[in-house]
Amino acid sequence: MNNCILSKKNSLILRSIAIMAIMLHNFLHNPVLMMSQENEMSFNSQKADPFFSLLENGFVNIYELFSFLGWVGVAVFVFLSGYGVMKSPPPQAVSESLHYVKRQFLKLFFLLLPAVLLFIIGDAIQHNFFPNILKRVTYLTMMANVAYPYVKCSPGVYWYFSLTFQFYLIYAFFGRYFTGKKLLVFSLLSIAILLLLCVSDSPEILSIYRHCFTGWF
């Protein structure tokens, strides 16, 4: 990785910028002027036009800028995470793959566990324990986003951790096969399916498709 243009150092710099953009997007979610709105996970011309009008007039404050564009950091972060994984050698045997998946799962599991426990305590205080307990536990399976929008991840970090683990899972068992033309064909197929779902009247299926690993290929 150090011999290519996107070195490890440059990758870390871009990742830091992406993280800052995401944080600012969430902290500055409501623009002061309320002229433009976020276009997260979709593109709506009615939301974009006011923002571009502000650009044409030479005025965009930090609230407007990061509320509208800050979410792009998520896509950059996903790309960098996938790039780093693809540059590492894939496991060569099933036993190596299982060990790799176990290590990655536990790493994410113990990062999420304290937050999940705090949410469960909060649910209990608000007398809303039993309706949410199953959903909270589902987060720890790293598969919560496969059931989106039926199981909405809150906060959003649960969704991203699920997405990350699914890439780890695919890479562990198919990483040595998904290279070159095979990876390109699979990615183009994913895009074709996404386009078909966009023109069909299946918002729930489209939501599931784009929130898990399939929509990010």
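Sequential numbering from 1 along the given sequence is applied to the chain's residues.
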From Leu184 CG over to Leu189 CG, what is the distance, rounded to the nearest 0.5 angstrom? 11.0 Å
My understanding is that only residues two or more places apart in sequence, or in another chain, count here; which of them pass ring-ring contact (aromatic ring centres under 6.0 Å, His included) with Phe77? Tyr160
Set out, in order, the CA-CA distance, both residues' side-chain angles and the distance that settles side-chain contact (heavy atoms from CB on, under 4.5 Å) for Tyr168 and Lys107, then state yes or no. CA-CA 12 Å; Tyr168 286 144; Lys107 179 176 70 175; 3.7 Å; yes
Judged by atom type as modelled, is there a donor-acceptor pair below 3.5 Å linking the side chain of Glu96 to the main-chain atoms of Gln92? yes
Between Trp71 and Ile22, is a side-chain contact (heavy atoms from CB on, under 4.5 Å) present by the stated rule, with each step listed? CA-CA 6 Å; Trp71 63 271; Ile22 296 166; over 6 Å; no
Linked, directly or transitively: Ile13 and Val72 (ILVMFWY side chains, under 4.5 Å): no
Measure the CD1-CG distance between Ile121 and Leu117 for me, rounded to the nearest 0.5 Å. 6.5 Å
Check whether Val78 and Met23 end up in the same hydrophobic cluster, where Ile, Leu, Val, Met, Phe, Trp and Tyr are linked by side-chain heavy atoms less than 4.5 Å apart. yes
Rounded distance [0.5 Å steps], CG in Leu24 versus CD1 in Ile19: 12.0 Å
Is any side-chain heavy atom of Ser162 closer than 4.5 Å to one of Gln166? yes
Stepwise, does the side-chain contact (heavy atoms from CB on, under 4.5 Å) test hold for Tyr100 with Gln104? CA-CA 6 Å; Tyr100 175 83; Gln104 300 299 337; 3.6 Å; yes
Does Leu98 share a hydrophobic cluster with Leu106, counting links as ILVMFWY side-chain heavy atoms below 4.5 Å and allowing steps through other members? yes
What is the minimum heavy-atom distance between Tyr209 and Ile191, and which atoms define it? OH-N, 4.4 Å
Those residues at least two apart in sequence (or on a different chain) that pass side chain to side chain contact (heavy atoms under 4.5 Å, CB included) with Leu169 are Val101, Met143, Phe165, Phe173
Considering non-hydrogen atoms only, spot the tightest contact between Gly73 and Ala18 and give its length. O-CB, 3.5 Å
Find out if a path of hydrophobic residues (ILVMFWY) with successive side-chain heavy-atom gaps under 4.5 Å connects Phe119 to Leu111. yes
Can you tell me how far the CD1 atom of Ile193 sits from the CD1 atom of Ile205, to the nearest 0.5 Å? 12.0 Å
Tell me every residue that passes side chain to side chain contact (heavy atoms under 4.5 Å, CB included) with Phe109, counting only those two or more places apart in sequence or in another chain. Phe105, Leu113, Leu140, Met142
Hphob cluster co-occupancy, Tyr139 + Phe110, side-chain heavy atoms under 4.5 angstrom: yes
